[in-house]
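Worksheet: one structure, shown below.
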Amino acid sequence: MSSFLRNLNSKQLEAVTGGNKSSLILAGAGSGKTRVLTTRIAWLIDTNQASPREILAVTFTNKAAQEMLFRISTMLPINVRGMWIGTFHGLCNRLLRHHHSEVGLPRSFQILDNNDQLTVIKRVIKNEQLNIDKYPPKQVQYHINSAKDQGLRFNDIDEVDDLSHRANQIYLAYQKLCNQEGLVDFGELLLRCYELLKKNILIRKHYQARFKYLLVDEFQDTNELQYNWLQILSCDSNTIFAVGDDDQSIYGFRGARTNNLKDFVVDFNIADTIKLEQNYRSLGHILDAANAVIKNNTNRLGKNLWTSKGQGDPIRLMESSSDQEEAQYVIQEVKNLRQKDYDINSIAIFYRSNAQSRVIEHALFSVGLPYKVYGGLRFFERLEVKHALAYLRISVNPKDDSAFLRVVNFPPRGVGLKSIEKISQIALQDKLGLLEAAEKTSLSGKAKEGVGKFQSVIQRLKNYSLENSLTETIEYLLDLTGIITHYEQEKNGVDRIENLKELVNAGAVFENENPYSNEESENANLDAKPAFENNILSNFLAYASLEAGENTAHSDKEGSLQLMTVHAAKGLEFKVVFMTGLEEGLFPHENSLSEPVGLEEERRLMYVAITRAQQLLYLSFAQSRMLHGQTRWNIPSRFLDELPETSLERSNGKIKSIVTDNTNIFQSSDSTDSLTAGRTVSHTKFGQGIIIQIEGRGPDARVQVNFENVGIKWLIASYAKLTTI
DNA sequence: CTTGAGAGGTTTTTT
DNA sequence: ACCTCTCAAG
């Protein structure tokens, strides 16, 4: 028996060594999902059932793909390069580069990220001379992307209302423009690839025969198109190994179809689904809470996590009067934990929406606790980096008008809107790219000079890139275009220059890791394609779009608290987790409440949050919170009511807790009428105090009380359960 | 072409 | 409250 099978439990072993049929592994949080997936690959190869080149494994993030490669390489002494392991988009990109001529794309097609796509859409709206107010670009973008997620072209879509009709019109024009300029958005990567496999029987059969084992991670996150893509790659002679957890499906809003799990069971004749329910991450109370919350969802495939580790500490509930106080309580507790030798790196603070991080950050900053915020601008999304890349893009693909528009006047060369308009006119008339059209446009002296300069820059850059390495080309570019000089004169330019130097670094690293730039040659003639002149350049550009870089704000400090949204926390684990902002309207978010589906997704999100914690879990809510410049008064989240009583700790020194019982919120036992300023009242947790003032009436009434032991507090009368003395 | 005032829009996000 | 974008004046 291979040594890497030794430490698996029986269910995991069953999953890993499953026979030659498609299978579905329902893997709960912390049940060793990634381990099972990677061990299966290692086992298939180790037992000579598969050669590396017969493996195709798909993930959603580059991080997950890298993790997978890393784990496999620790189990097997083989060259992992032969395997196709990557994201849906990465693999489709690879396939489309091989078969670019079959799908009508230039080999050096450019990949648009979200931002680029939006810019192109705006351009299309302008080109079509449509009123931008009637066609909100963001909505149009959403329309196009969700259509592509469902595998739909513009003529496949029902135009149910006026907006979808108009959006469709732009979809058509947008696609035409992308095709002309050799631009491909994220959805297009998948759709184009799917259509290729569907239409071209030869290519389809080739890949079906080649990939004997298809493995999919986070299956619950697949959208319709991804499901179809997997389906078309599958055939009688191969199998799919799907791993997922319906309870952790939190990306419905971007097209993920939880139902794909159920459809998979039918479409792929899954006789028995293997459930991994033993959890290796969290202690008992935490799992009990997770199980209790998720039980309230309908339509689950059903799963119950358990552990052999013992119950651990109960979950702490924290109540505060405001978001600022909440931050203070968290800080106090973090300090306590540090004294008990908890590593600050292993403590995380979660929130539902990014806007909530500011108050926490502010509080952390003022007490000098180091922290790291996940999310935000990634490296390749930074303005200055995109500018620099645009020069590379246009030198690789002169038809790339997006790139032209981005940098024709950056740094400023005196080419203003008027001139660009003129050039666009000519381009439209003569059906040319902007760079080409610029040559034929008669312009005023200053603009003419600027355009001339720009053209010579592009020409020189292109020539240089043919003779020199990628890294040298980037260095040359920074100097030639005057981008650095420009930022040197700007007040906030220092960081930007740093980033541009980092770009040179990124180029060097890329070059190092991709020494041959063109794909490893394969025997099958369908796979192989001759190298192309600017191969490494366009590969680097694709890499920049597909892998936008680190997702964290910079932090040079070694130990930091981890701040992130619950979405960003998926797949991670921490010894200690603070889940903040557990209030109705925030979590569950108010926008999700209109449909039951929305609420269930919020509950899954809560489930994800809870199951991130290994040892300690704090659940916190505040009575009031600043949102969009206004103070809002909130009721505790309904999810708190779904927690099992036996796993909670309601009171503990400075960490105050409350009993939340929503049935009581609107039917206070003690009429608020009896509460008047000056009266002495008693609170179950805070003890005795004197009412200072009252705001409002009925269930929303708030009372300010000066307690003998804990000082002044604002309470919501209806659930504070105050009794008059 | 740059700058500043005003308007609008704020769930979650990877590729 | 705060950030991004647009439009008009300098």
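First the proteins, then the strands, lettered A, B, ... as listed; each starts at 1. Side-chain atoms are counted along with the backbone in the values below, which use heavy atoms only and exclude waters and symmetry mates.
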Asn296(A) (side chain) donor-acceptor with Val293(A) (main chain) under 3.5 angstrom: yes

Does the Asp323(A) side chain pair with the main chain of Met626(A), one donor and one acceptor, at a distance under 3.5 Å? yes

For the ring pair His98(A) and Tyr207(A), is the centre-to-centre distance below 6.0 Å? no

For the pair made of CE in Met626(A) and P in dC2(C), what is the distance, rounded to whole Å? 8 Å

Gap between atoms CG and C1', on Leu377(A) and dT4(C) respectively (whole Å): 13 Å

Across the strands shown, which category fits Val58(A) at heavy-atom distances under 4.0 angstrom: base, sugar-phosphate, nothing? nothing

Between Arg393(A) and Asn397(A), is any side-chain donor less than 3.5 angstrom from a side-chain acceptor? no

Any side-chain donor paired with an acceptor under 3.5 Å for Glu600(A) and Thr298(A)? yes

Would you verify whether the NZ or CZ of Arg378(A) falls within 45 degrees of the ring axis of Phe380(A) while also being under 6.0 Å from that six-membered ring's centre? no

Test of understanding: with side chain to side chain donor-acceptor pair (under 3.5 Å), list the residues that count as partners of Arg192(A), not counting sequence neighbours.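 Per chain and number, Arg192(A) pairs via side chain to side chain donor-acceptor pair (under 3.5 Å) with Asn179(A), Glu188(A).
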
Which letters describe nucleotides 7-15 of chain B, given B = protein heavy atom under 4.0 Å from base, S = only from sugar-phosphate, - = neither? ---BBBBBB

Scoring nucleotides 5-10 of chain C by protein non-hydrogen atoms under 4.0 Å (B base, S sugar-phosphate only, - none) yields ------

What do the steps show when you test Arg300(A) against Asp246(A) for salt bridge (Lys or Arg N to Asp or Glu O under 4.0 Å), and what is the final call? CA-CA 7 Å; Arg300(A) 294 176 60 216; Asp246(A) 54 330; 5.2 Å; no

dT12(B) to dC5(C) separation - C1' atoms, rounded to the nearest Å: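 dT12(B) and dC5(C) have their C1' atoms separated by 23 Å.
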
